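Read through the structure below, which is laid out as structure tokens, and then see the notes.
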Amino acid sequence: MARCCSVLAAFLFEYDTPRIVLIRSRKVGLMNRAVQLLILAYVIGWVFVWERGYQEVDSVVSSITTKAKGVTTTNTSQLGFRIWDVADYVIPAQEENSIFIMTNLIVTMNQTQGFCPEVPDSTSTCESDANCSAGSTGTHSNGVATGRCVPFQGTVKTCEVAAWCPVEYDAEVPRPAFLKAAENFTLLVKNNIWYPKFNFSKRNILPNITTSYLKSCIYDAVTDPFCPIFRLGKIVADAGHSFQDMAIEGGIMGIQIRWDCNLDRAASHCLPRYSFRRLDTRDLDHNVSPGYNFRFAKYYKDLAGTEHRTLIKAYGIRFDVIVFGKATVLCDIIVLYCTKKRYYYREKKYKYVEDYEQGISDSEMDR
């Protein structure tokens, strides 16, 4: 008990203070100043100058719209002479932050529902009905097997299927690409950005861009770095790839728009920077299922009311527009305490009001 009282008395009635020892040593003094100098250099050089630690940061909010333009013609034995415009090769017509341009295709025309031979492969070729299993379907089959072995072409026989006939044959992709002229098609990218913390908004069609300029300009990193219209072949080439090679089997390209804005400067200095890269992996050593493709069909009925369809396996390039960036503004501690106009900024930032209860009269308080 006595020990507890002595500890409590020491805690309540004693006061301690740090003792400073001054060491007179050139070596120790220089080491101390060197460490202090390194810390000061880090804070000023890295935190403040390089990383702009004195600024407040916000991330970008963005919206994208795209519009393709270009017309070309083809003349083949299957389709004859045909003109291709935007409504034919942009599929679907509208996407969010992306646009797909069809550059190659395999067409299977005038399909109707019925019975027909399957495309030959290791699972569908047969010699008799005994080789075909009725009702079976495979992952890559075009229909449901009927159990019959029927002629496909010449002496080759395959299992019959109930399907959209004739079935698609996609073993050979057209080379060169069917719409190889898509290299010269153009893509207009409209990008609106907003930094909510600073209530700052802008778009990539800059104020100095006129209607006449927009109708004639094509993006070039040197001569026209802020033109929002891009030639498709140029996008792929700037990413280090061949458009004609990519157009055969398709792929995915990224159009990157970077907005890094120092809002302490004039808004005219906040400008978009464009770059391009291929997003789908293209490894020649591991090239299973390359490119980008999908199927869609166009349906119609003949005069007899029979339903037909044209099946299209579309290969092409999907352009994904990716927007990123940050905005910075001088933070409050600098504005409010270190600038010449600190009193003006402080007056605008803070609103001073009287105490609520002191501003109410006694008669109002009695109500």
Side-chain angles (χ1 to χ4, degrees), residues 68-95 99-121 123-126 129 132-182 185 247-250 291-318:
K69 285 189 177 182
V71 178
T72 188
T73 61
T74 58
N75 195 352
T76 63
S77 59
Q78 187 177 21
L79 295 176
F81 179 80
R82 180 160 182 166
I83 297 174
W84 297 81
D85 63 14
V86 174
D88 297 311
Y89 59 75
V90 176
I91 309 161
Q94 294 291 329
E95 282 191 274
I99 185 170
F100 175 82
I101 306 292
M102 183 173 65
T103 55
N104 209 2
L105 69 158
I106 296 174
V107 181
T108 309
M109 301 184 67
N110 299 321
Q111 286 186 317
T112 58
Q113 292 201 4
F115 302 97
C116 52
E118 180 63 280
V119 173
D121 62 20
T123 62
S124 64
T125 54
C126 60
D129 293 351
C132 302
S133 177
S136 65
T137 59
T139 304
H140 302 290
S141 64
N142 289 287
V144 180
T146 63
R148 293 190 292 270
C149 183
V150 297
F152 175 79
Q153 188 176 24
T155 59
V156 179
K157 291 184 178 182
T158 60
C159 294
E160 184 183 62
V161 289
W164 283 95
C165 300
V167 295
E168 177 190 73
Y169 183 70
D170 63 348
E172 295 182 3
V173 180
R175 295 175 184 273
F178 196 74
L179 296 179
K180 58 183 180 180
F185 294 170
I248 294 172
E249 295 180 333
Y292 182 69
N293 65 77
F294 59 89
R295 292 174 176 84
F296 68 96
K298 297 181 179 180
Y299 297 86
Y300 60 95
K301 290 185 178 180
D302 60 19
L303 295 176
T306 303
E307 186 178 34
H308 297 254
R309 79 176 188 182
T310 297
L311 178 65
I312 299 174
K313 183 176 182 180
Y315 299 82
I317 304 174
R318 193 183 78 197

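The chain is numbered in sequence order, starting from 1. Remember, it's a predicted structure, so these values are computed and weren't measured experimentally.
Qualifying side chain to side chain donor-acceptor pair (under 3.5 Å) partners for Ser133, counting only residues two or more places apart in sequence or in other chains: none. Looking at residues two or more places apart in sequence or on another chain, you find no side-chain contact (heavy atoms from CB on, under 4.5 Å) involving Ser77. Not counting sequence neighbours, Glu118 has no partner by the salt bridge (charged side-chain N to carboxylate O under 4.0 Å, His left out) test. Among residues two or more places apart in sequence or in another chain, the ring pair (Phe, Tyr, Trp, His ring centres under 6.0 Å) test is passed with Phe294 by Phe100. Remark: Arg309 pairs with no residue by the salt bridge (charged side-chain N to carboxylate O under 4.0 Å, His left out) rule, at least two apart or across chains. By the salt bridge (charged side-chain N to carboxylate O under 4.0 Å, His left out) test, Asp170 pairs with Arg295, Lys313, sequence neighbours left out. Residues satisfying the side chain to side chain donor-acceptor pair (under 3.5 Å) test with Asn75, not counting sequence neighbours, are none. With sequence neighbours excluded, no residue forms a side chain to side chain donor-acceptor pair (under 3.5 Å) with Thr306. Listed by chain and number, the residues in a side chain to side chain donor-acceptor pair (under 3.5 Å) with Trp84 are Thr74 (sequence neighbours excluded). For Val86, the side-chain contact (heavy atoms from CB on, under 4.5 Å) partners two or more places apart in sequence, or in a different chain, are Tyr89, Val90.
Disulfide check for Cys149/Cys132 fails, with the SG atoms at least 2.5 Å apart.
Considering Pro120, Cys159, Pro117 as possible partners of Cys126, the one that fulfils the side-chain contact (heavy atoms from CB on, under 4.5 Å) test is Cys159.
Residues in residues 147-157 take part in these side chain to side chain donor-acceptor pair (under 3.5 Å) pairs, two or more places apart or across chains: Arg148-Glu160. For residues 137-177, the set of pairs meeting the ring pair (Phe, Tyr, Trp, His ring centres under 6.0 Å) definition, not counting sequence neighbours, comprises Trp164-Tyr299.
Taking 4.5 Å as the limit, some side-chain heavy atom of Thr310 sits within range of a side-chain heavy atom of Val107.
Smallest separation of non-hydrogen atoms from Val119 and Glu168: CG2-O, 3.2 Å.
At most 12 heavy atoms of other shown residues, nucleotides or ligands fall within 6.0 angstrom of atom CD in Glu172. Crowding of Phe115 atom CZ: a count of heavy atoms from other residues, nucleotides or ligands under 6.0 Å not exceeding 12.
Summarising the geometry, atom OG1 belonging to Thr112 is positioned 10.0 Å from atom CD belonging to Glu307; distances are rounded to the nearest 0.5 Å. Summarising the geometry, atom CD1 belonging to Ile91 is positioned 3.5 Å from atom CZ belonging to Phe296; distances are rounded to the nearest 0.5 Å.
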Candidate pair Tyr315 and Ile106, rule side-chain contact (heavy atoms from CB on, under 4.5 Å), full reasoning: CA-CA 8 Å; Tyr315 299 82; Ile106 296 174; 3.9 Å; yes
